[in-house]
J.: 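This is the structure I want to talk about, given as structure tokens.
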Amino acid sequence: MPELPEVETVAAALRRARVAGKKIRRVVVRCEKLRQPLVAAEMEKLAGRKVDAIRRRAKYLLLELDSGQVLLLHLGMTGTLRLDEQDTAPGRHDHLDLELDDGRILRFRDPRRFGLAVLRRPDENGRIAELAALAPEPLSDAFSGDYLHRISRGRKSPVKNFIMDQRRVVGVGNIYASESLFRAGIRPTLPAGKLSRPRCQRLVEAIRDILSAAIAAGGTTISDFHGVDGSEGAFVRALKVYGREGKPCPECGRPIRKTVLGGRSTFYCPGCQR
DNA sequence: AAATGAACCTGTTTGC
DNA sequence: TGCAAACAGGTTCATT
């Protein structure tokens with residue numbers, strides 16, 4: 001569910017809601033079985049800590065604490081963070097509550113439990129194990145046409161799988177991979193190593209454009225994703241191929257096709273994408 | 001090493 | 001109508 005724009009939307013909302021600077025008054029853990037165990041005894045030590053800053057790296061959300069620790073959150077497929085008013089009853093899949101000193105409750109909900117919530121202390125170089133092998137941010141200068149061209153030489157996997165690999169570039173998931181490739185005019189099945197340098201440049205620009213526009217729209221809500229206030233992401237209306245099998249391509253009118261790559265639904269226009 | 005597929009979960013939609 | 005299968009935005013592990 002949540003790709004980079006959704007996580008950035010959540011991070012921005014938490015900043016706007018002034019969560020940084022608040023103290024955590026109380027912690028409630030209701031379910032310990034996530035991607036990694038959510039250890040209640042450890043999380044409860046967060047009581048009394050202050051949130052210093054909210055950051056995002058790839059699809060991870062980082063709450064930096066005044067203890068020097070970082071609460072690392074990943075929303076998996078169905079994770080959401082909500083800021084509820086005091087005394088709101090928890091839902092069936094609300095696994096973790098952080099009650100702030102102003103009474104609001106930051107709630108991590110995740111029905112499928114592919115998400116992650118762990119406390120980490122960065123090493124002397126400021127590094128966190130889970131983040132160590134991640135590729136450059138797509139909106140940074142490090143992600144360039146030259147970079148993509150260089151790392152894709154000799155690679156035979158479909159370019160869609162390649163750009164969804166978090167060791168190549170982070171933040172691009174199943175929706176934005178299809179949308180970016182449509183924008184770049186590149187067929188998702190094309191082996192990554194066959195992309196020319198100009199086409200790599202075009203793809204990099206397309207990824208940047210799509211992700212930026214999605215962030216500006218507050219992300220994409222298909223069914224699960226919601227902002228911290230429960231609002232829906234408006235980028236769903238801007239999708240040109242994702243979830244549109246059989247419907248006319250907005251550019252050329254030919255029917256959008258669906259195929260499966262790496263076990264994931266993939267949408268493209270057979271006319272516009274070569 | 002790189003590519004592929006299955007597994008981890010629950011909820012919702014689809015198809016017979 | 002009812003039930004089973006298919007499917008869902010991510011990551012990780014095992015197998016070729």
Side-chain angles (χ1 to χ4, degrees), chain A residues 1-10 30-38 56-61 72-81 91-95 108-118 128-135 138 151-182 188-194 207 210-211 214-215 217-227 232-246 258-267:
Chain A
M1 159 224 185
E3 306 181 35
L4 185 151
E6 288 72 36
V7 181
E8 182 60 35
T9 294
V10 170
R30 295 193 190 77
C31 170
E32 305 204 343
K33 284 190 247 170
L34 293 176
R35 192 197 312 170
Q36 281 181 47
L38 209 178
R56 178 195 60 74
R57 170 74 173 109
K59 299 174 192 171
Y60 289 89
L61 195 65
L72 197 61
L73 295 169
H74 194 292
L75 303 179
M77 289 275 255
T78 51
T80 52
L81 274 183
R92 178 148 147 57
H93 299 290
D94 286 336
H95 307 314
F108 179 47
R109 173 186 152 90
D110 186 9
R112 286 179 77 178
R113 307 207 304 264
F114 289 166
L116 180 73
V118 289
I128 295 173
E130 280 84 351
L131 311 181
L134 291 173
I151 65 169
S152 59
R153 291 313 85 188
R155 297 322 202 74
K156 294 183 176 139
S157 54
V159 60
K160 174 172 180 260
N161 302 28
F162 195 80
I163 60 172
M164 286 177 67
D165 184 339
Q166 305 296 298
R167 295 166 307 175
R168 317 296 174 200
V169 60
V170 301
V172 181
N174 202 40
I175 295 177
Y176 300 120
S178 279
E179 292 298 314
S180 298
L181 287 163
F182 173 76
T189 48
L190 195 73
K194 295 221 158 158
I207 289 172
I210 292 287
L211 295 181
I215 291 170
T220 299
T221 297
I222 301 290
S223 62
D224 293 292
F225 174 71
H226 291 276
E232 300 200 337
F235 197 74
V236 63
R237 290 190 282 278
L239 298 179
K240 294 191 168 173
V241 292
Y242 184 87
R244 298 181 49 83
E245 181 187 16
K258 175 182 169 180
T259 183
V260 175
L261 290 178
R264 319 296 301 278
S265 293
T266 303
F267 302 87

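The sequence lines fix the lettering, A, B, ..., with proteins before strands; numbering per chain opens at 1. Hydrogens, waters and symmetry mates play no part in the numbers below; they use all other heavy atoms, side chains included.
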J.: Working to the nearest 0.5 angstrom, can you tell me the gap between A:Lys258 NZ and A:Ser178 OG?
T.: 10.5 Å

J.: Checking A:Glu179 against A:Val241 for the side chain to side chain contact (heavy atoms under 4.5 Å, CB included) test, could you report, in this order, the C-alpha distance in whole Å, the side-chain angles of both residues, the deciding distance, and whether it holds?
T.: CA-CA 6 Å; A:Glu179 292 298 314; A:Val241 292; 3.3 Å; yes

J.: A:Phe162: what forms a ring pair (Phe, Tyr, Trp, His ring centres under 6.0 Å) with it, not counting sequence neighbours?
T.: none

J.: Considering residues at least two apart in sequence or located in another chain, which fulfil the side chain to side chain donor-acceptor pair (under 3.5 Å) criterion with A:Gln36?
T.: A:Arg120

J.: When you compare the protein's N or O atoms with those of nucleotides 13-16 of chain C, which come within less than 3.5 Å of each other, and at what distance?
T.:
none

J.: Could I get the full list of ring pair (Phe, Tyr, Trp, His ring centres under 6.0 Å) partners for A:Phe182, not counting sequence neighbours?
T.: none

J.: If I take atom CD in residue A:Gln36 and atom C1' in nucleotide C:dT12, what distance separates them, rounded to the nearest angstrom?
T.: 11 Å

J.: Take A:Phe162 and A:His93, find for each the nucleotide of DNA chain B with the closest heavy atom, and name the residue whose nucleotide sits nearer the 5' end.
T.: A:Phe162

J.: Tell me if a side-chain donor or acceptor on A:Glu6 pairs with a main-chain N or O of A:Thr220 at a distance below 3.5 Å.
T.: yes

J.: Mind checking which nucleotides bracket the chain A contacts on DNA chain B, 5' to 3', with an atom under 4.0 Å from a heavy atom?
T.: B:dA2 to B:dG11

J.: Please state the P separation for the pair C:dT11 and B:dT12 - nearest whole angstrom.
T.: 23 Å

J.: Which is true for A:Arg167 with a 4.0 Å heavy-atom rule: it touches a base, it touches only sugar-phosphate, or it touches nothing?
T.: nothing

J.: Please classify the nucleic acid contact of A:Lys156 as base, sugar-phosphate, or nothing, using heavy-atom distances under 4.0 Å.
T.: sugar-phosphate

J.: Does a side-chain N or O from A:His74 land closer than 4.0 Å to OP1 or OP2 of C:dT11, or not?
T.: yes

J.: Please list, chain by chain and in numerical order, all residues satisfying side-chain contact (heavy atoms from CB on, under 4.5 Å) with A:Arg237, sequence neighbours excluded.
T.: A:Ala234

J.: For A:Tyr60 and A:Ile128, run side chain to side chain contact (heavy atoms under 4.5 Å, CB included): C-alpha distance rounded to whole Å, both residues' side-chain angles, the deciding distance at 0.1 Å, then the answer.
T.: CA-CA 12 Å; A:Tyr60 289 89; A:Ile128 295 173; over 6 Å; no

J.: Tabulate atom names and distances for all N/O pairs under 3.5 angstrom spanning the protein and nucleotides 4-8 of chain C.
T.:
unit_1, atom_1, unit_2, atom_2, d
C:dA8, OP1, A:Ser265, OG, 2.3
C:dA8, OP2, A:Ser265, OG, 3.4
C:dA8, N3, A:Arg112, NH1, 3.1

J.: How would you list, by chain and number, every residue that makes a side-chain contact (heavy atoms from CB on, under 4.5 Å) with A:Ala214, sequence neighbours excluded?
T.: A:Pro5, A:Tyr176, A:Phe235

J.: Mind checking what makes side-chain contact (heavy atoms from CB on, under 4.5 Å) contact with A:Ser223, not counting sequence neighbours?
T.: none

J.: To the nearest 0.5 Å, what is the distance between OG1 on A:Thr78 and NE2 on A:His93?
T.: 8.5 Å

J.: Nearest 0.5 angstrom please: A:Arg92 CZ to A:Cys31 SG, how far?
T.: 10.0 Å

J.: Under the side chain to side chain donor-acceptor pair (under 3.5 Å) rule, collect the residues that match up with A:Arg35, sequence neighbours excluded.
T.: A:His74

J.: Rounded to whole angstrom units, what separation is found between the CG atom of A:Leu134 and the C1' atom of C:dG10?
T.: 13 Å

J.: Just the dot-bracket of DNA chain C, please: which string comes out with Watson-Crick or G-U pairs under 3.5 Å, [ ] for crossing, | for another strand?
T.: .|||||||.|||||||

J.: Quickly work out the A:Leu131 CG to C:dT12 P distance and round it to whole Å.
T.: 11 Å

J.: Output all residues satisfying side-chain contact (heavy atoms from CB on, under 4.5 Å) with A:Glu32, sequence neighbours left out; order by chain, then residue number.
T.: A:Val29, A:Ala40

J.: Starting from the 5' end of DNA chain C, give me the residue, A:Tyr60 or A:Ile222, whose nearest nucleotide shows up first.
T.: A:Ile222

J.: Looking only at atom C1', what distance separates C:dA6 and B:dA6, rounded to whole Å?
T.: 16 Å

